[in-house]
Undergrad: 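The structure follows.
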Amino acid sequence: MAAPGDEVPDEAEDAVPAGAGRHGSDKGGRGKGKTKKKGSFWRELPLLIVVAVVLTFVIQTFLARIYVIPSASMERTLHGCNGCANDRVAVDKLTYRFSDPAPGDVVVFRGPPTWGDNGEVSGEQPSGNVLVRGLQSGLSLVGLAPPNEKDFVKRVIATGGQTVACCDPQNRVTVDGQPLDEPYIYYQPNLGRTQADFAPVRVPEGQLWVMGDNRNNSADARVHGPIGVTDVIGKARVIVLPVGRWGGVPDTDPQARPSALGAPVWTSGAPLAAGVLGAIPLVVVTRRVRRRWTSQDGWTSQTSRPGEPASAPPSPDPGR
């Protein structure tokens with residue numbers, strides 16, 4: 001207890017100033033805090049924009065990119081036509097850094113010089129205006145404009161070293177003399193249902209024979225020759241727009257062969273499944289026999305309870 005005359009500090013006032021001065025101080029502090037946050041946001045905004053642009057560039061260059069389908073050559077797998085909502089597809093640029101395109105893959109590639117006069121991209125010339133050309137490049141990042149007037153999308157039919165030809169008596173393309181199973185082929189009305197014949201072509205190593213799914217309305221390798229593996233930009237994975245057509249892009253391998261005797265592919269695992277099912281009762285019976293055998297030899301006690309140690313075998317009678 002303080003003696004008279006001693007000065008006692010006012011702890012309440014030291015902790016929280018009272019009266020109007022307290023409220024004024026709080027408001028002043030909050031006001032300064034808001035001003036500081038607002039200023040920091042506007043200072044950081046340019047950095048955020050730069051980071052977003054850099055990330056977009058890295059993703060589009062090395063991982064994936066949205067491409068617009070400009071023609072009907074891949075109908076009906078991919079939709080593209082004049083005056084309608086063309087498909088936008090997400091193209092995987094990473095897969096082919098570790099592997100090569102395979103038969104059935106739908107690929108986007110840069111048109112080699114021999115593909116330069118392809119009628120499928122005749123109307124996609126870049127603008128001569130620098131600002132317009134820059135705007136087109138920006139829109140191409142999100143698939144709202146073609147990224148390059150010489151980029152194409154086709155399906156891989158044969159790879160380097162294989163010989164492709166058309167057609168056998170059933171109107172099928174053949175690879176190394178074997179007919180292909182191509183459920184994705186679309187015959188556009190009024191263009192006939194017979195594929196154009198072409199002589200056997202051996203695809204050079206490091207190149208690909210590509211064709212459109214809209215078989216009679218596609219200027220592809222039959223017209224311009226094969227493309228190089230190095231021309232491939234990536235693999236078409238997903239249709240992202242329009243929303244009504246969202247879904248994966250099928251990569252059916254036309255060269256796939258059924259298993260022996262024409263059995264479905266899934267039956268190749270039947271022997272393994274049968275072996276597993278047959279092994280289960282065999283293991284159960286074996287365990288029971290082993291338990292009974294060890295019990296008769298005196299190593300386990302039939303009267304022991306679960307969790308208790310088995311009784312030891314009886315010791316010989318020393319009196320005998």
Side-chain angles (χ1 to χ4, degrees), residues 69 73-78 89 91-109 111-112 114-115 152-188 193-239 247-271:
I69 305 303
S73 66
M74 284 298 292
E75 292 280 1
R76 298 181 174 177
T77 303
L78 300 177
V89 296
V91 174
D92 168 15
K93 290 187 171 185
L94 190 61
T95 295
Y96 295 144
R97 296 183 185 274
F98 305 98
S99 63
D100 290 333
D105 289 357
V106 177
V107 298
V108 172
F109 59 93
T114 56
W115 288 62
F152 301 88
V153 57
K154 304 291 180 187
R155 188 182 298 272
V156 177
I157 300 299
T159 58
Q162 296 185 318
T163 299
V164 59
C166 189
C167 298
D168 72 352
Q170 284 73 45
N171 189 40
R172 295 175 296 184
V173 175
T174 63
V175 172
D176 293 336
Q178 298 295 324
L180 302 184
D181 180 16
E182 300 186 89
Y184 45 75
I185 287 183
Y186 170 65
Y187 292 105
Q188 188 170 316
R193 299 184 62 84
T194 302
Q195 300 188 61
D197 291 337
F198 60 90
V201 177
R202 188 179 186 278
V203 182
E205 294 293 341
Q207 297 193 10
L208 305 169
W209 187 269
V210 295
M211 300 174 71
D213 290 355
N214 189 353
R215 195 52 54 88
N216 288 343
N217 187 19
S218 175
D220 46 40
R222 295 170 295 180
V223 178
H224 303 287
I227 65 170
V229 172
T230 55
D231 294 323
V232 176
I233 296 172
K235 181 177 181 179
R237 291 287 190 182
V238 179
I239 300 173
V249 178
D251 56 356
T252 306
D253 182 359
Q255 298 186 25
R257 295 285 177 267
S259 58
L261 302 179
V265 175
W266 64 266
T267 59
S268 60

Undergrad: Can you name the nearest heavy-atom pair linking Gln195 to Cys167, along with the distance?
TA: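 Scanning both residues, the minimum pair turns out to be CB-SG, 3.6 Å.
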Undergrad: For the residue pair Val232 and Tyr96, what are the closest heavy atoms and their distance?
TA: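 Looking at all heavy atoms of both residues, the closest pair is CG1-CD1, 3.6 Å.
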Undergrad: Would you confirm whether Thr114, through its side chain, and His224, through its main-chain N or O, come within 3.5 Å as a donor-acceptor pair?
TA: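 Yes: the side chain of Thr114 pairs with the backbone of His224.
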Undergrad: Not counting sequence neighbours, which residues clear salt bridge (Lys or Arg N to Asp or Glu O under 4.0 Å) with Glu182? List them please.
TA: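 Residues passing salt bridge (Lys or Arg N to Asp or Glu O under 4.0 Å) with Glu182: Arg215.
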Undergrad: Looking only at atom types and distance, does a side-chain atom of Asp105 sit under 3.5 Å from a main-chain N or O of Val156, one as donor and one as acceptor?
TA: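 Looks like no, no N/O pair under 3.5 Å.
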Undergrad: Show me the pairs that pass salt bridge (charged side-chain N to carboxylate O under 4.0 Å, His left out) and involve residues 169-178, at least two apart or across chains.
TA: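 For residues 169-178: Asp168-Arg172.
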Undergrad: Please give me the minimum heavy-atom distance between Pro226 and Val203, naming the atom from each residue.
TA: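 In terms of heavy atoms, the two residues are closest at CB-CG1, 4.5 Å.
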Undergrad: Listed by chain and number, what are the salt bridge (Lys or Arg N to Asp or Glu O under 4.0 Å) partners of Arg237, not counting sequence neighbours?
TA: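 Per chain and number, Arg237 pairs via salt bridge (Lys or Arg N to Asp or Glu O under 4.0 Å) with Asp92.
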Undergrad: Quick one: side chain to side chain donor-acceptor pair (under 3.5 Å) partners of Gln178, sequence neighbours excluded?
TA: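 In terms of side chain to side chain donor-acceptor pair (under 3.5 Å), with neighbours along the sequence ignored, Gln178 is linked to no residue.
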Undergrad: Who passes side chain to side chain donor-acceptor pair (under 3.5 Å) against Asp213, sequence neighbours left out?
TA: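 Side chain to side chain donor-acceptor pair (under 3.5 Å) check on Asp213 returns Thr77, Arg155.
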Undergrad: Go through the structure and list residues passing ring pair (Phe, Tyr, Trp, His ring centres under 6.0 Å) with Phe198, not counting sequence neighbours.
TA: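 Applying ring pair (Phe, Tyr, Trp, His ring centres under 6.0 Å) to Phe198 gives Trp209.
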Undergrad: Can you tell me which residue among Val175, Thr174, Asp253 is in a side-chain contact (heavy atoms from CB on, under 4.5 Å) with Leu180?
TA: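 Single side-chain contact (heavy atoms from CB on, under 4.5 Å) partner of Leu180 among Val175, Thr174, Asp253: Val175.
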Undergrad: Testing the basics here: between Pro103 and Thr159, what is the closest heavy-atom pair and its distance to 0.1 Å?
TA: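 Between these two residues, the closest heavy atoms are CD-CG2, 3.9 Å.
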Undergrad: Is there a side-chain contact between Phe152 and Val210, using heavy atoms and a 4.5 Å cut-off?
TA: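 A side-chain contact under 4.5 Å is absent here.
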